[in-house]
Amino acid sequence: MPELPEVEVVRRGLERWVSGRVVQTVEVRHPRAVRRHLAGPEGFAKALAGHRVGEARRRGKYLWLPLDDSPFSVLAHLGMSGQLLVQPQDAPDEKHLRIRICFEDGLGTELRFVDQRTFGGLSLHENTPDGLPDVIAHIARDPLDTLFDDAAFHTALRARRTTIKRALLDQSLISGVGNIYADEALWRSRLHYERPTGTFTRPRTAELLGHIRDVMNDALAAGGTSFDSLYVNVNGESGYFDRSLDAYGREGEPCRRCGTPMRRRAWMNRSSYFCPRCQRAPRLPA
DNA sequence: AAAACCTCCTGAAAGC
DNA sequence: TGCTTTCAGGAGGTTT
């Protein structure tokens with residue numbers, strides 16, 4: 001389940017192993033992997049060939065590779081199970097290999113997009129004046145972006161008529177936070193996932209943002225969170241932050257602060273993990 | 001118009 | 001034993 005830290009690990013790998021290389025050929029093995037690309041699989045392959053890959057960039061959970069001397073970028077989203085792997089050309093194809101990108105150099109490696117559940121994909125889009133692929137213009141800056149505006153976030157959060165976890169998962173308000181890091185940051189903040197956004201004071205918002213940043217930086221330092229082989233870096237290696245999780249996936253296990261058994265609640269077609277003692281349910285609205 | 005809901009997909013694991 | 005059901009969930013599109 002790649003969220004901001006996992007995507008950033010992948011971005012760094014692309015920067016190290018792919019940026020600066022010139023695309024030779026592209027093989028799309030599953031059309032769904034390029035469904036966001038309106039010109040189709042053939043158009044996607046043709047548009048990339050011959051272009052040098054620029055500096056790998058990221059906003060929230062989106063990654064993109066600008067093409068030098070071109071107003072276009074290759075946009076990537078890993079979805080639930082997408083992987084961008086730099087593999088030796090002679091390595092056997094992965095079972096869920098969707099796209100192969102080969103380069104015009106003698107390095108002997110190629111870039112592969114592998115995705116079991118096919119929620120992710122690659123596509124080519126024109127950049128906006130600020131260098132962002134046009135289709136992600138609605139994605140908010142993420143909390144590790146130096147230009148993220150804490151005061152504006154607080155104002156926007158207060159204006160919402162919803163609950164805090166829904167707001168954290170809304171990528172147009174704050175990007176990069178998914179189910180795992182939302183639960184972790186809420187646990188660290190001792191906040192219940194259904195606290196109404198309208199009840200947030202400036203200090204409470206500041207504390208929550210601080211915990212979001214802390215948990216993401218901690219995860220980044222550990223190479224991300226891997227529960228299984230579905231999330232790995234470009235070299236196929238797992239992260240080990242899963243062993244540091246305090247909330248996510250810990251149903252029935254003791255809260256690391258107070259020892260109370262953690263709970264899981266079905267919520268929005270997914271799960272929320274929380275401590276019923278540290279994270280008290282908000283008073284129901286009158 | 002903003003908020004909530006629906007749906008896409010595969011495979012592991014649980015249920016019967 | 002083996003088939004069926006459940007679960008994981010990001011985010012665009014649709015509905016309310």
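What you see is a predicted model; the values in this text were computed from it and never measured. Proteins get letters first, then strands, A, B, ... in listed order; numbering begins at 1 in each.
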Inset, instruction - If the plane angle is over 60° it's perpendicular, under 30° parallel, otherwise tilted; pick one for A:Phe153 and A:Phe148. - result: tilted

Taking distance alone, no hydrogens or angles, what donor-acceptor pairs closer than 3.5 Å link side-chain atoms of residues 22-34 of chain A to residues at least two apart or in another chain?
{"from": "A:Glu27", "atom 1": "OE1", "to": "A:Arg100", "atom 2": "NE", "distance (Å)": "2.8"}
{"from": "A:Glu27", "atom 1": "OE1", "to": "A:Arg100", "atom 2": "NH2", "distance (Å)": "3.4"}
{"from": "A:Arg29", "atom 1": "NH1", "to": "A:Asp93", "atom 2": "OD2", "distance (Å)": "2.9"}
{"from": "A:His30", "atom 1": "ND1", "to": "A:Arg32", "atom 2": "N", "distance (Å)": "3.1"}
{"from": "A:Arg32", "atom 1": "NE", "to": "A:Thr118", "atom 2": "O", "distance (Å)": "3.0"}
{"from": "A:Arg32", "atom 1": "NE", "to": "A:Thr118", "atom 2": "OG1", "distance (Å)": "2.8"}
{"from": "A:Arg32", "atom 1": "NH2", "to": "A:Thr118", "atom 2": "O", "distance (Å)": "3.0"}

Inset, instruction - Rounded to 10°, tell me the angle between the two end axes of the helix from B:dA2-C:dT16 to B:dC16-C:dG2, each built from five pairs. - result: 60°

Round to the nearest Å and state the distance from [X] atom [atom1] to [N] atom [atom2].
| X | N | atom1 | atom2 | value |
| --- | --- | --- | --- | --- |
| A:Gln171 | C:dG9 | CD | P | 14 Å |
| A:Arg166 | C:dG10 | CZ | P | 14 Å |
| A:Asn269 | C:dA8 | CG | P | 10 Å |
| A:Met268 | C:dC7 | CE | P | 16 Å |
| A:Met80 | C:dC7 | CE | C1' | 10 Å |
| A:Leu169 | C:dG10 | CG | P | 7 Å |
| A:Tyr231 | C:dG9 | OH | P | 17 Å |
| A:Leu75 | C:dG10 | CG | P | 17 Å |

Legend entry - 5′-ward residue of the pair A:Thr162/A:Arg270 relative to DNA chain B: A:Thr162

Inset, instruction - Please work out if A:Arg35 contacts a base, only the sugar-phosphate, or nothing of the nucleic acid, heavy-atom cut-off 4.0 Å. - result: nothing

Inset, instruction - Using a heavy-atom cut-off of under 4.0 Å over every strand shown, decide if A:Ser81 touches base, sugar-phosphate, or nothing. - result: nothing

Inset, instruction - Walking along DNA chain B from 5' to 3', note the first and the last nucleotide with an atom under 4.0 Å from a heavy atom of chain A, and give both. - result: B:dA3 to B:dG11

Inset, instruction - List for me each residue that meets side chain to side chain contact (heavy atoms under 4.5 Å, CB included) alongside A:Ser238, sequence neighbours excluded, and say none if there are none. - result: A:Ser226, A:Val232

Return the polar atom pairs (N/O with N/O) between nucleotides 12-16 of chain C and the protein under 3.5 Å, or none.
{"from": "C:dG12", "atom 1": "OP1", "to": "A:Tyr62", "atom 2": "OH", "distance (Å)": "2.4"}
{"from": "C:dG12", "atom 1": "OP2", "to": "A:His138", "atom 2": "NE2", "distance (Å)": "3.0"}

Under 3.5 Å, is there a donor-acceptor pair linking the side chains of [X] and [Y]?
| X | Y | value |
| --- | --- | --- |
| A:Arg195 | A:Ser189 | no |
| A:Gln87 | A:Glu94 | yes |
| A:Thr128 | A:Asp134 | no |

Legend entry - Side-chain touch A:Leu132/A:Trp64, heavy atoms, less than 4.5 angstrom: yes

Legend entry - Lys/Arg N to Asp/Glu carboxylate O, A:Arg12 vs A:Glu8, below 4.0 Å: yes

Listed pairs under 3.5 Å, donor-acceptor, residues 44-54 of chain A side chains, sequence neighbours left out:
{"from": "A:Arg52", "atom 1": "NH1", "to": "A:Gly20", "atom 2": "O", "distance (Å)": "2.7"}

Inset, instruction - Treat each ILVMFWY residue as a node, draw an edge where side-chain heavy atoms are under 4.5 Å apart, and state whether A:Val9 and A:Trp17 are in one component. - result: yes

Inset, instruction - Examine A:Arg257 relative to A:Trp187 and say whether NZ or CZ is less than 6.0 Å from the centre of the six-membered ring and inside a 45° cone about the ring axis. - result: yes

